[in-house]
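Following: one structure in structure tokens, then a few remarks.
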Amino acid sequence: MSVECISKLSKTNTECLIVFGSQKNKAASTKCKFKSVSKELSGLSKSKVFSGAIGESIFIRGFNQEGYNSLLLVGLGEKAMEESFRIAIGYAYRKLEEEKAKAANICYESIQHITKDPTRLGELVGEAVTLAAYNFTTAKSESKYKELNISVLISAANQKKVFSKGLKQGVILGESTNFARWLGDMPANLLTPTQMAKEVQKAAKNTKLKVSVWGQQRLEKEKMGCFLGVAKGSAEEPKMIIMEYKGAPSSKKPISLVGKGLTFDAGGISLKPGAGMEDMKYDMCGAANTIGSALAIARLGLKVNLQAYVGACENLPSGTANKPGDVTTARNGKTVEIINTDAEGRLVLADVLCYASEKKPACIVDMATLTGAMMIALGSTHTGFYTHDDNFAKKLETAGQKSGEKIWRMPLDPAHTKDMKGKYADLSNLDMSRKAGSATAAAFLNEFVDDSIPYIHCDIAGTAFGAGHRTSYHRNISATGCMVRTLTELARDWK
Ligand code: BES
Ligand code: ZN
Ligand code: ZN
């Protein structure tokens with residue numbers, strides 16, 4: 001895929017013209033400069049074939065006007081908002097794939113009204129096209145997938161300059177998100193914790209992101225007993241991946257990100273049912289999206305300091321695995337009885353959060369596919385987040401509004417903390433009532449973060465994968481890279 005801004009049409013750009021139409025009183029209209037297009041559009045609108053609604057796309061082969069072979073009309077809906085534009089781009093891209101197009105040229109005049117700021121418009125185009133193009137083909141022996149060339153024609157040199165600047169940034173954000181999606185989509189045998197660490201090192205080359213990796217020995221030395229307990233049922237070595245970026249003076253406290261990286265979660269001795277277990281390769285999406293966010297922040301050169309940590313291992317049943325009733329000790333000395341070995345994410349995160357917290361960052365955000373209960377509560381539309389800090393919650397909500405990703409604050413109550421008290425140990429990894437399962441998990445995690453640090457836990461179990469039917473720029477199956485865009489926005493506005 002390529003997306004570029006051009007000032008003159010060439011032969012390849014004239015294959016197809018993409019025109020976006022808006023909807024008003026159920027009729028379609030556009031600001032496209034070509035009379036022939038407006039005529040076509042009003043005809044289709046009158047005959048109720050195209051109304052400009054979001055989700056509509058019509059491909060007219062043999063259009064043969066204004067130097068273009070085909071015309072693609074795409075609906076923007078009633079209010080042209082940034083997220084509806086991303087979604088419209090998603091539909092446009094799918095249509096072009098269906099029609100086996102090789103290249104298409106976006107009519108700039110038909111999208112100019114979406115935002116007053118041409119740099120932002122460039123960002124939106126770069127980001128949305130890059131996201132829509134993502135396709136996981138690594139595991140196919142032969143890929144027939146052909147990528148598209150998308151261009152935007154802007155003749156005024158000053159407009160082109162500012163738009164292109166945004167376009168480049170949007171592509172970086174899209175690529176970083178797509179890298180997170182790729183990590184998520186990789187099967188667990190090909191993306192082991194060791195391999196994940198190698199991929200991060202490779203991706204960080206030529207960026208300002210510094211990567212270090214800890215293995216078994218170092219994790220033992222660092223007293224990460226809960227993390228190691230989960231990993232010991234597997235033959236794969238656990239890894240902690242540490243990413244650091246300095247974009248601000250050292251006196252500025254860093255933003256800290258933490259990700260759950262279960263490259264496979266079979267449940268351990270509390271084995272999961274067989275049906276659908278293959279989806280548990282996605283149990284490292286918190287890690288993937290942490291990595292994607294760190295890459296985006298570093299590649300965009302945002303003016304923040306960043307520390308990011310990923311705890312990566314497998315949760316398998318074996319003769320060396322955790323057993324129900326076992327007690328492990330976390331880095332901060334708290335003891336945890338393991339009632340259900342399938343509630344392993346919180347055990348891994350406990351130690352990693354302790355470490356992140358010790359560095360006294362400005363804030364901590366973790367991402368984890370932590371609970372099935374989160375999926376039940378919010379489905380695949382919203383990421384649920386938990387925090388005791390109202391101010392920090394507002395900041396994340398603002399970032400979410402900018403990124404277009406839907407997030408929803410969930411309640412975190414002292415009652416949830418009480419539910420996680422252990423019978424024999426300090427804490428239990430499971431509240432036996434199973435009520436408010438994602439909230440009690442969040443309360444458990446809070447036991448490992450210093451109270452003075454603004455902390456948000458994001459449960460992305462519902463939004464990390466298989467949410468493509470909601471957002472056209474994703475595919476039905478595959479990982480979404482959720483929260484990469486939101487956390488990048490958070491870092492962008494960080495003061
Ligand atoms: N990785 C799962 C949660 C999950 C489920 C993520 C479905 C994405 C889709 C997690 O480790 C888990 O197994 N959680 C258990 C916790 C329970 C034992 C308290 C769950 O949600 O059932
Ligand atoms: Zn589990
Ligand atoms: Zn899990």
Side-chain angles (χ1 to χ4, degrees), residues 3 16-34 37-60 70-99 104-118 120-133 150 152 163 166 170 173-174 379-382 397 400-408 463 467-476 480 482 485-486 489:
V3 53
C16 176
L17 172 67
I18 311 178
V19 174
F20 290 85
S22 304
Q23 187 182 37
K24 220 180 206 171
N25 304 325
K26 301 219 160 116
S29 67
T30 182
K31 299 221 163 62
C32 174
K33 61 190 169 192
F34 299 125
V37 172
S38 309
K39 216 173 125 195
E40 187 80 53
L41 191 100
S42 87
L44 289 168
S45 180
K46 272 191 196 121
S47 56
K48 306 225 179 311
V49 176
F50 182 79
S51 72
I54 192 89
E56 285 183 349
S57 61
I58 291 186
F59 189 84
I60 303 163
S70 320
L71 173 67
L72 174 62
L73 294 172
V74 187
L76 274 176
E78 280 184 65
K79 265 197 227 143
M81 291 177 305
E82 293 191 350
E83 180 63 1
S84 43
F85 178 55
R86 287 188 197 91
I87 289 179
I89 289 263
Y91 283 113
Y93 205 93
R94 296 291 164 265
K95 194 69 172 182
L96 291 167
E97 284 180 335
E98 221 176 277
E99 300 292 340
N105 181 241
I106 295 176
C107 170
Y108 186 56
E109 290 72 20
S110 76
I111 59 171
Q112 235 176 337
H113 62 290
I114 290 166
T115 158
K116 282 194 197 98
D117 176 4
R120 179 68 183 152
L121 190 58
E123 256 174 31
L124 285 171
V125 172
E127 180 188 316
V129 171
T130 309
L131 288 173
I150 304 285
V152 186
F163 182 91
L173 187 51
S380 54
T381 53
H382 295 68
E397 273 159 356
Q401 273 152 13
K402 286 193 183 158
S403 74
E405 292 188 288
K406 291 177 184 164
I407 59 174
W408 197 260
T463 45
H469 59 296
R470 303 285 186 195
T471 35
S472 55
Y473 50 79
H474 291 133
R475 286 176 204 268
N476 283 344
T480 60
C482 66
R485 285 154 48 197
T486 303
E489 288 298 344

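Keep in mind that what you see is a predicted model, and the values were worked out from it rather than measured.
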Side chains of Val125 and Ile111, heavy atoms from C-beta outward: is any pair under 4.5 Å? yes
Donor-acceptor pair, Ser403 side chain versus Gly400 backbone, under 3.5 Å? yes
Do you know the tightest heavy-atom contact between Gly90 and Ala132? CA-CB, 4.2 Å
Just how far is it from atom CD1 of Ile106 to atom SG of Cys32, taken to the nearest 0.5 Å? 12.5 Å
Is any side-chain heavy atom of Arg94 closer than 4.5 Å to a side-chain heavy atom of Arg475? yes
To the nearest 0.5 angstrom, please state how far the SG atom of Cys16 sits from the CG atom of Leu71. 6.5 Å
Under the side chain to side chain contact (heavy atoms under 4.5 Å, CB included) test, residues paired with Lys406 that sit two or more places apart: His382
Using only atom types and a distance under 3.5 Å, with no angle test, would you say the side chain of Ser47 pairs donor to acceptor with the backbone of Gly43? yes
Could you measure the distance from the CZ atom of Phe59 to the NZ atom of Lys95? Nearest 0.5 Å is fine. 9.0 Å
How long is the gap from CD on Glu40 to CZ on Phe50, to the nearest 0.5 Å? 11.0 Å
Looking at every non-hydrogen atom in both residues, tell me the closest pair between Ala88 and Phe20 and how far apart they are. CB-CE2, 3.8 Å
Heavy atoms only: give me the nearest Ala467-Thr463 pair and the separation to one decimal. CB-O, 4.3 Å
Please determine whether side chain to side chain donor-acceptor pair (under 3.5 Å) holds for the pair Thr486 and Glu405, giving the CA-CA distance in whole Å, both sets of side-chain angles, and the decisive distance to 0.1 Å. CA-CA 7 Å; Thr486 303; Glu405 292 188 288; 2.6 Å; yes
How close do Gly21 and Thr30 get, counting heavy atoms only, and between which atoms? CA-CB, 4.3 Å
Taking atom OG1 of Thr130 and atom OH of Tyr473, what is their separation to the nearest 0.5 Å? 13.0 Å
Kindly give the heavy-atom pair with the smallest separation between Ser380 and His469, and that separation in Å. OG-CE1, 3.6 Å
By the definition side chain to side chain contact (heavy atoms under 4.5 Å, CB included), identify the one residue from Ile150, Leu76, Val129, Leu131 that meets it with Ile89. Val129
Taken to the nearest 0.5 Å, the spacing of Ile407 CD1 from Thr381 OG1 works out to 12.5 Å
How close do Leu72 and Ala92 get, counting heavy atoms only, and between which atoms? CD2-O, 3.8 Å
Among His113, Lys79, Lys31, exactly one meets side chain to side chain contact (heavy atoms under 4.5 Å, CB included) together with Ser22. Which residue is that? His113
Do Glu78 and Ser84 have side chains that get closer than 4.5 Å, going by heavy atoms? no
Take Leu17 and Phe34, measure what side chain to side chain contact (heavy atoms under 4.5 Å, CB included) needs, and give me the verdict at the end. CA-CA 11 Å; Leu17 172 67; Phe34 299 125; 3.8 Å; yes
Pairs meeting criterion salt bridge (Lys or Arg N to Asp or Glu O under 4.0 Å) with involvement of residues 81-93, two or more places apart: Glu82-Arg120, Glu83-Arg86, Glu83-Arg485, Arg86-Glu127
